[in-house]
Amino acid sequence: MPSMTPTTSPTPRPRTAEVRLAHTSDVDTATLKAARALLYDVFDDMTSEDWEHALGGMHALVHEGGELIGHASVVQRRLLHNGHALRCGYVEGVGVRADRRGRGHGAAMMDALERVIRNAYDLGALGASDEATAFYTARGWQPWRGRSWTFTPDGIQRTPEEDGCIYVLPTSVPLDLDADLTCDWREGDVW
Ligand SMILES: CC(C)(COP(=O)(O)OP(=O)(O)OC[C@H]1O[C@@H](n2cnc3c(N)ncnc32)[C@H](O)[C@@H]1OP(=O)(O)O)[C@@H](O)C(=O)NCCC(=O)NCCS
């Protein structure tokens with residue numbers, strides 16, 4: 001006879017956010033539109049380039065009551081470091097609707113994206129807002145201490161205003177956090 005499940009009273013479990021992980025190509029237009037609108041609500045200074053930077057990779061999406069309340073994505077970029085063009089999983093568009101924060105949704109989305117980073121990229125990187133640095137450092141992200149640069153159409157240029165704002169998640173490749181880090185070029189904020 002198969003063993004029976006004990007009939008103890010159920011212990012309430014902490015609610016875990018359900019995260020859908022999907023490539024941009026598998027996210028329908030309405031959901032992408034909702035994600036864009038969410039990020040425009042979350043960030044006062046959101047631009048069309050910022051939204052474009054969040055596309056072309058994997059999105060972590062959280063819905064509640066049929067509405068999108070959380071978004072984050074990871075896209076591939078090349079970062080030049082110590083003479084190597086590293087394959088980087090760059091995190092973009094991390095936001096939870098204001099009235100749904102503090103319930104684990106941000107952590108659940110980052111769990112999903114960090115798994116992608118660990119399994120597919122040489123490192124993770126992101127440009128952190130001042131308000132969110134503690135959120136990332138508590139998860140093992142480390143501030144880049146060296147100088148930041150970018151490949152512009154006119155050659156490599158310094159991005160001094162970004163120094164101190166870049167955080168990395170080391171995975172398989174050894175990193176010297178005090179050395180130079182150069183990102184590929186894009187329109188809008190390069191980091
Ligand atoms: C940052 C943000 C995504 C976190 O989402 P969230 O759903 O509120 O986060 P969670 O509830 O999953 O919190 C996970 C942990 O991080 C902590 N945390 C959350 N936001 C934090 C913040 N801004 N600073 C420091 N710690 C933070 C929580 O206290 C919690 O800690 P615990 O595990 O010890 O309890 C959300 O606050 C947000 O959308 N902020 C505005 C947009 C923003 O700054 N995005 C980041 C841009 S780089």
Side-chain angles (χ1 to χ4, degrees), residues 12-22 24 27 31-77 79 88-118 121 123-145 148 150 159-170 177 181 183-184 186-191:
R13 289 163 129 213
R15 225 175 106 249
T16 314
E18 266 200 35
V19 177
R20 178 185 166 212
L21 192 62
T24 306
V27 182
T31 304
L32 286 176
K33 209 170 151 197
R36 190 176 192 276
L38 173 67
L39 294 177
Y40 269 89
D41 275 351
V42 165
F43 297 105
D44 292 339
D45 54 353
M46 182 80 189
T47 66
S48 56
E49 285 98 351
D50 292 334
W51 170 241
E52 192 272 334
H53 296 163
L55 301 175
M58 297 297 289
H59 300 260
L61 304 160
V62 178
H63 284 87
E64 210 177 83
E67 289 183 35
L68 185 76
I69 57 148
H71 173 274
S73 60
V74 60
V75 299
Q76 179 172 318
R77 302 188 69 186
L79 297 188
C88 172
Y90 202 82
V91 172
E92 291 285 357
V94 181
V96 173
R97 205 170 81 188
D99 64 346
R100 292 292 183 276
R101 291 180 194 157
R103 301 171 183 205
H105 299 316
M109 295 191 302
M110 289 305 295
D111 282 346
L113 297 189
E114 288 161 5
R115 190 189 67 80
V116 171
I117 289 168
R118 289 198 172 89
Y121 295 104
L123 80 161
L126 56 81
S129 64
D130 291 345
E131 304 75 42
T133 55
F135 172 69
Y136 295 118
T137 53
R139 308 185 56 80
W141 290 75
Q142 299 178 32
W144 194 266
R145 298 184 296 259
S148 64
T150 187
T159 52
E161 67 285 0
E162 302 296 342
D163 291 357
C165 303
I166 300 158
Y167 284 72
V168 295
L169 185 69
L177 301 185
L181 192 65
C183 66
D184 54 17
R186 64 186 190 182
E187 282 161 33
D189 286 341
V190 290
W191 281 103

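Each ligand, and each atom within it, is numbered from 1 in the order the structure gives. For clarity, every value in this text was computed on a predicted model and none was experimentally measured. Along the sequence shown, the residues carry numbers beginning at 1.
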Please identify which atoms of ligand 1 are closer than 4.0 Å to at least one heavy atom of Ala134.
25 (C)
For atom CD of Glu161, is the number of surrounding heavy atoms from other residues, nucleotides or ligands below 6.0 Å larger than 12?
yes
Out of Ala107, Gly127, Ala98, who is nearest to atom 14 (C) of ligand 1 when you count heavy atoms only?
Ala107
Give the atoms of ligand 1, by number and element, whose distance to some non-hydrogen atom of Gly95 is under 4.0 Å.
39 (O)
Look at atom 22 (C) of ligand 1 and say which protein heavy atom is nearest, naming residue and atom and giving the distance to 0.1 Å.
Glu131 O, 3.6 Å
Right, does atom 30 (C) of ligand 1 have protein non-hydrogen atoms nearer than 4.0 Å?
no
min-distance protein heavy atom vs atom 8 (O) of ligand 1 -> Gly102 N, 2.8 Å
In terms of residue, atom name and distance, what is the protein heavy atom nearest to atom 39 (O) of ligand 1?
Val96 N, 2.8 Å
shortest atom 7 (O) of ligand 1-to-protein heavy-atom contact is with Gly106 N, 2.8 Å
Min heavy-atom dist Ala138 to ligand 1 below 4.0 Å:
no
Nearest neighbour in protein (non-hydrogen) for atom 11 (O) of ligand 1:
Gly104 N, 2.8 Å
Can you tell whether the side chains of Arg186 and Glu49 come within less than 4.0 Å, N to carboxylate O?
no
Atom 37 (O) of ligand 1 within contact range, any protein heavy atom under 4.0 Å
yes
Contact between Ala108 and ligand 1, counting heavy atoms under 4.0 Å?
no
Backbone, side chain, both or neither: what part of Arg103 comes under 4.0 angstrom of ligand 1, heavy atoms only?
backbone
Polar-atom distance check: Ala128 versus ligand 1, any N or O pair below 3.5 Å?
no
Of the protein's non-hydrogen atoms, which lies at the shortest distance from atom 3 (C) of ligand 1, and what is that distance?
Val94 CG1, 3.8 Å
Among all the protein's non-hydrogen atoms, which is closest to atom 13 (O) of ligand 1, and how far away is it?
Phe135 CE1, 4.2 Å
